[in-house]
Amino acid sequence: MKKEQKSLPKLLSKIEKVASQIKRNVVLMEVCGTHTQTVSKNGIRSLLPKNVKLLTGPGCPVCVTAQEDIDAVVTLSKAGVPIATYGDMLRVPGFFGSLEQARSQGAKVFSVYSIQEALEFKKDFPNLVFFGLGFETTTPMTAVALQNGLTVYSSHKLFLPAMNALLEAGQTKIDGFISPGHIATIIGTKPFEHLKVAQVIAGFEAEDVLVAIYLLLCQIRDGRKEVENEYVRLVKKDGNQVAQKMIAECFKVCNGNWRGFGKIESSGLEVKNPKLNAKIKHKNILSKIDFSQSKKPTGCRCGEIIRGTLSPKQCPMFGKVCTPENPYGPCMVSEEGACNNYFRFMV
Amino acid sequence: MYIELDHGGGGAKSSELIKQVRKILGGAGKWQNSGDDSASLALSKISLPKKACQNQHLLLTTDAFIVDPIFFPGGDIGKIAVCGTINDLAVMGAKPLGISLSIVVEEGFPRADFLRIIKSIAKVSKEAGVPIVTGDTKVTEKGKLDKIEITTAGIGMAEKVINNAGAQVGDVVIASGDLGEHTVALLSERFGYRSRVSSDCKPIDKEMLAIGKFVHAAKDPTRGGLAANLVEMAEKSKVKIVLDENLLPYKKETIALGGLLGIDIFSFVSEGRFLATVSEKDAAKVLRILKKFNPEAKIIGNVQKPVRRRGGDTGVYLQTKLGSLRPIEMPNGKLIPRIC
């Protein structure tokens with residue numbers, strides 16, 4: 001399982017060879033926002049053999065954040081509660097507009113680069129709410145915020161249930177996953193073994209992704225369904241136990257609400273401490289929102305794109321009314337989103 | 001000691017502060033300014049061959065500067081404000097003659113920091129030989145401005161005006177040094193990373209003038225970085241610029257920081273570099289001159305004829321190490337780090 005140090009052209013020709021030995025079409029999926037970027041930036045899709053299709057899955061934290069959560073946080077901000085969150089999240093339109101639009105109408109909304117910045121804002125705005133999102137990679141940072149007394153609206157999620165949901169739904173036949181290196185750095189390789197599908201946990205250089213594709217194709221050719229670790233330089237079997245402990249201390253597992261999937265059992269993380277849980281603290285504001293409107297169809301098909309059942313270019317709005325400058329859905333907003341990458345890198 | 005509202009009020013406190021600022025900034029060079037409403041320059045004082053006068057162009061530029069943090073490794077808001085304006089003139093082939101300086105400062109700003117910024121302005125202005133010839137200072141009420149804002153305007157003279165629409169098919173693209181280090185310095189400071197890289201902020205007028213006669217198109221990759229500025233050049237020149245991933249003008253630290261934060265290094269800002277296209281036959285000569293100023297100057301790509309296909313393919317492309325060709329896009333809006 002050692003990382004194979006091969007020159008790039010050699011790797012490509014090895015991929016070509018294994019692919020030709022598999023006498024059918026193969027569907028692979030990358031499920032991490034950073035892999036999406038690596039694939040697009042390096043034009044990897046255009047270099048793959050004809051019978052290998054590489055899909056983009058639910059790896060972008062902004063993209064999978066449910067409309068209801070965005071609507072809730074926008075409503076909080078408009079009710080005068082100061083909000084801090086990561087930059088891309090500001091631009092995702094909800095039913096009541098985006099956080100950015102709320103800000104231009106006078107709401108206190110701060111875009112932060114790191115949790116430390118959010119803690120700094122808390123000094124001036126003691127009732128600040130941090131809109132926490134993302135998977136096991138970003139959750140430990142939010143745990144730090146909670147430990148420092150910052151109130152959090154949690155939209156944090158566990159990643160493996162989504163991979164499992166994709167396989168169980170069976171709408172897209174997936175032969176193998178390029179599994180997320182960042183998440184594996186935290187949770188280790190072990191939890192991935194529960195998924196019965198070929199997987200390679202990979203790093204984020206072009207070489208890493210190509211090696212992963214090669215190893216996946218070898219598994220598929222041989223009929224194996226294993227978890228291989230290409231990202232040995234950072235990912236260990238047991239992961240980062242300090243971070244895992246912090247997540248367990250500050251959060252409890254709940255049913256997660258995902259854009260594109262809806263509720264997935266035991267896939268969400270809720271803030272344990274009721275005093276720091278924005279959903280409890282601001283219940284009086286949140287309970288008044290008519291969430292039935294959140295589900296109103298807008299023509300946006302991000303949900304299908306997140307599940308890999310629709311390719312960005314198949315969406316009727318892609319590149320026409322929906323562009324990075326004027327995004328209709330999160331997949332076009334986020335630089336980790338499938339549509340944004342397809343649009344910017346034309347692949 | 002802090003800046004007070006009265007320091008911008010035009011009274012005694014104002015004149016005391018202005019006096020100190022003027023003392024730090026030094027004289028106005030060949031310009032006349034005795035504290036009046038404008039500075040004046042007698043053209044006879046600019047030594048020009050008589051015939052050349054007819055071919056001269058006057059260039060005027062202005063820029064407003066807000067920077068966070070105000071002080072960063074390799075510079076501060078004052079240094080950037082002067083370099084930015086000198087460089088906007090230089091990159092168009094002009095020799096800068098003088099700069100105006102307007103400062104708006106928030107009430108309660110530490111006076112020591114204010115003077116530190118003025119000293120830094122004086123230092124670059126003296127080193128570059130471009131005097132600050134006129135200026136203004138205003139103070140806003142506390143909370144109405146984030147610390148300090150500086151606006152500079154500059155006037156320069158050029159015999160040959162260089163713009164960013166002149167790139168020609170067959171040209172090579174040269175970077176005057178490694179790019180993006182201003183952003184690296186700011187981000188490192190902001191995130192508390194230790195880094196050996198400091199801001200690249202400096203005047204580029206000397207090196208630009210030294211190669212001016214060979215240059216077809218030039219641009220300093222400030223806001224928007226290489227991505228925005230080279231795309232603009234390609235679009236305006238109606239050409240296709242292809243960069244080689246093996247020759248990218250970025251240091252290891254810069255690439256690492258971009259990877260770490262998930263920000264595209266092509267939009268990293270430089271405050272003391274330029275990108276220029278010159279014909280292939282002049283490339284070696286130009287490079288030899290530029291290397292005297294910065295050994296990292298290098299050829300990073302070339303200018304090709306766009307293939308007309310569905311509206312054409314003018315723009316900037318990267319030939320990746322894998323052999324694929326992918327577009328480098330104009331960045332949109334703010335640089336936002338990756339979440340996952």
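Convention: sequence-line order gives letters A, B, ...; per-chain numbering from 1.
The environment of CZ in F109(B) is crowded: more than 12 heavy-atom neighbours from other residues, nucleotides or ligands sit within 6.0 Å. Heavy atoms of other residues, nucleotides or ligands lying less than 6.0 angstrom from NZ of K53(A) number 12 at most. Within a 6.0 Å sphere centred on CD1 of I66(B), other residues, nucleotides and ligands contribute 12 heavy atoms or fewer. Summarising the local packing, OH of Y2(B) is surrounded by 12 or fewer heavy atoms from other residues, nucleotides or ligands at distances under 6.0 Å.
Of the inter-residue distances, the one linking Y113(A) atom OH with L261(B) atom CG reads 9.0 Å to the nearest 0.5 angstrom. One finds the CG atom of L47(A) at 6.5 Å from the OG1 atom of T320(B) (value rounded to the nearest 0.5 Å). Note: I44(A) CD1 to R326(B) CZ = 11.5 Å, rounded to the nearest 0.5 Å. To the nearest 0.5 angstrom, D264(B) atom CG is 7.0 Å from R344(A) atom CZ. Note that CD of E245(B) and NZ of K41(A) are 10.0 Å apart. Values are rounded to the nearest 0.5 Å.
Between E117(A) and R190(B) the shortest heavy-atom distance is OE2-NE, 2.9 Å. Shown here for S46(A) and S324(B), the closest heavy-atom pair between the two residues is OG-CB, 4.1 Å. Summarising the geometry of S114(A) relative to F191(B), their closest heavy-atom pair is CB-CE2, 4.0 Å, with the distance given to 0.1 Å. Taking all atoms of both residues into account, the shortest heavy-atom contact from L322(B) to L210(A) is CD2-CD1, 3.3 Å.
Looking at Q116(A), there are no atoms closer than 4.5 Å to chain B (heavy atoms on both sides), in backbone or side chain. Heavy atoms of P324(A) lying under 4.5 Å from chain B belong to its backbone as well as its side chain.
Y153(A) meets the ring-ring contact (aromatic ring centres under 6.0 Å, His included) test with F131(A); sequence neighbours excluded.
Residue pairs satisfying the side-chain hydrogen bond (donor to acceptor under 3.5 Å, both in side chains) criterion with at least one member in residues 167-176 of chain B, sequence neighbours excluded, are listed as follows: D171(B)-H216(B), D171(B)-T277(B).
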